[in-house]
Amino acid sequence: MYDIRQVYQPKDLGEALSLLAEHPDAIVISGGTDVLIKVRERKWKDCSLLSIHRLPQLQGVRREKEELVVGPGTCFDQLHETGVIREHAFCLWQAADQGGSPQIRTVATLGGNICNGAVSADSAPPLLVLNARLELTDISQTKRQLDIGAFYTGPGRTALDRKRELLTAVRIPIIRPGCGSYYIKYGKRNALEISTLGCAAYVELDAGKKTFREVRIAFGVAAPVPMRCPAVEALVKGLPVDRHTLRLLGDAVGRELFPRDSWRASRELRMQLIRE
């Protein structure tokens, strides 16, 4: 059923990076909800797996000064059960309860959802509007940080050097008081559904709550990669909070996006959903 030659199981991050240096063709696996499907379908034959499941350095959520640091090995159900995520990254807290089934969410990890590069990843739009940065560590244990918007390079492609690097942290700035975020996922079913379209928004109002001080909008399955809408964000900034501004936003947002036809939805349907 599974054509696997070898499974490497390091005890900590240092050993995992050493094993990656020794076996650069090994496929990194954590929860396995994507990797094992591809192995079962024999897309990877006679493969070796490097398991980073439950490595302590890649687990949990902590606060460091003015940012949240999320371990990429943290499962979706753990994210949804974490109060600090609900308080400071509400849209990500929502998305963590919408991916797959309850059983999948107990093993599927945030890092896997990001590194898979899928345009339908539920975590991508929230992390984009939250200005998340990804910490990538190479086999020499040198770290680099990359804005998540620059991480997605094409359908199913990312800036991660899979033969030399691991995603070791997701860093999310603490939002200011009075700001808020929200995630909406559209699918034909309310559960157990891959995203037909996903939208996240971050909003900061002025002191009187009458003007948009800052707006961030991001979509999944609306372009070849998950993406923000910077032109619309700039257009709305400083405008009053009223229905006219919202109609202006709805009319303008589709001009930045490039949804496609697929067996799950037509381009026309996705454009209507984007406006809504």
Side-chain angles (χ1 to χ4, degrees), residues 4-39 43-44 46-62 64 67-76 78-79 92 107-128 130-173 220 224-227:
I4 299 170
R5 181 173 69 253
Q6 178 73 43
V7 178
Y8 302 102
Q9 294 183 292
K11 296 181 177 61
D12 56 36
L13 180 59
E15 185 181 358
L17 292 167
S18 296
L19 284 168
L20 184 61
E22 295 173 20
H23 309 281
D25 292 324
I27 298 164
V28 175
I29 182 172
S30 186
T33 56
D34 288 314
V35 169
L36 290 179
I37 290 174
K38 293 179 180 178
V39 174
K43 293 179 179 178
W44 292 320
D46 194 31
C47 62
S48 296
L49 302 180
L50 172 58
S51 175
I52 58 172
H53 185 59
R54 299 299 186 190
L55 292 187
Q57 298 95 327
L58 304 183
Q59 298 294 315
V61 181
R62 66 184 187 275
E64 290 184 359
E67 66 180 9
L68 299 179
V69 181
V70 184
T74 306
C75 298
F76 275 90
Q78 294 173 306
L79 286 176
L92 180 61
V107 291
T109 63
L110 179 63
N113 199 236
I114 295 169
C115 293
N116 194 36
V119 70
S120 58
D122 286 304
S123 66
L127 291 173
L128 283 165
L130 293 170
N131 285 338
R133 291 174 294 118
L134 306 181
E135 178 186 279
L136 308 175
T137 304
D138 69 14
I139 55 178
S140 66
Q141 301 203 31
T142 300
K143 300 181 186 295
R144 66 179 176 120
Q145 290 192 16
L146 189 66
D147 290 340
I148 191 168
F151 184 72
Y152 296 103
T153 58
R157 300 195 301 273
T158 71
L160 179 71
D161 184 346
R162 296 178 184 271
K163 294 181 180 292
R164 294 183 52 84
E165 291 181 315
L166 294 176
L167 172 63
T168 49
V170 180
R171 296 181 174 272
I172 303 172
V225 297
M227 63 179 293

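Position 1 is the first residue of the sequence, and the numbers go up from there.
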After noting the C-alpha distance and the side-chain angles of S48 and H23, does the key distance pass the side-chain contact (heavy atoms from CB on, under 4.5 Å) rule? CA-CA 9 Å; S48 296; H23 309 281; over 6 Å; no

By side chain to side chain donor-acceptor pair (under 3.5 Å), K43 pairs with (sequence neighbours left out) E41

Distance from [X] atom [atom1] to [Y] atom [atom2], nearest 0.5 Å?
| X | Y | atom1 | atom2 | answer |
| --- | --- | --- | --- | --- |
| I52 | L13 | CD1 | CG | 8.5 Å |
| T109 | Q78 | OG1 | CD | 10.0 Å |
| L127 | L92 | CG | CG | 5.5 Å |
| T168 | K143 | OG1 | NZ | 4.5 Å |
| L160 | C115 | CG | SG | 5.0 Å |
| I139 | R164 | CD1 | CZ | 4.0 Å |

Indicate yes or no: at least one non-hydrogen side-chain atom of [X] is less than 4.5 angstrom from one of [Y].
| X | Y | answer |
| --- | --- | --- |
| I148 | L134 | yes |
| P10 | L50 | yes |
| I29 | L36 | yes |
| L166 | L136 | no |
| P226 | L128 | yes |
| R162 | T158 | yes |

task: Could you check R157 against Y152 for side-chain contact (heavy atoms from CB on, under 4.5 Å), going step by step and ending with a plain yes or no?
output: CA-CA 6 Å; R157 300 195 301 273; Y152 296 103; over 6 Å; no

- [ ] Evaluate the criterion side-chain contact (heavy atoms from CB on, under 4.5 Å) for residue pair V225 and T153; output intermediate values, then yes/no.
- [x] CA-CA 7 Å; V225 297; T153 58; over 6 Å; no

Can you check whether [Y]'s main-chain N or O pairs, donor with acceptor, with [X]'s side chain at less than 3.5 Å?
| X | Y | result |
| --- | --- | --- |
| D161 | E165 | no |
| Q59 | G73 | yes |
| D147 | G149 | no |

_For R144 and E135: C-alpha separation, side-chain torsions, deciding distance, then whether salt bridge (Lys or Arg N to Asp or Glu O under 4.0 Å) applies._
CA-CA 6 Å; R144 66 179 176 120; E135 178 186 279; over 6 Å; no

Exercise for review: Tell me, with the steps shown, if S51 and Q9 meet side chain to side chain donor-acceptor pair (under 3.5 Å).
Suggested key: CA-CA 5 Å; S51 175; Q9 294 183 292; 4.8 Å; no

By side chain to side chain contact (heavy atoms under 4.5 Å, CB included), D122 pairs with (sequence neighbours left out) A95, Y183, K185, S195

Contacts of V107 meeting side chain to side chain contact (heavy atoms under 4.5 Å, CB included) (sequence neighbours excluded), chain-then-number -> T33

- Task: Would you please test I114 and F151 for side-chain contact (heavy atoms from CB on, under 4.5 Å) and show each step?
- Result: CA-CA 9 Å; I114 295 169; F151 184 72; 3.6 Å; yes

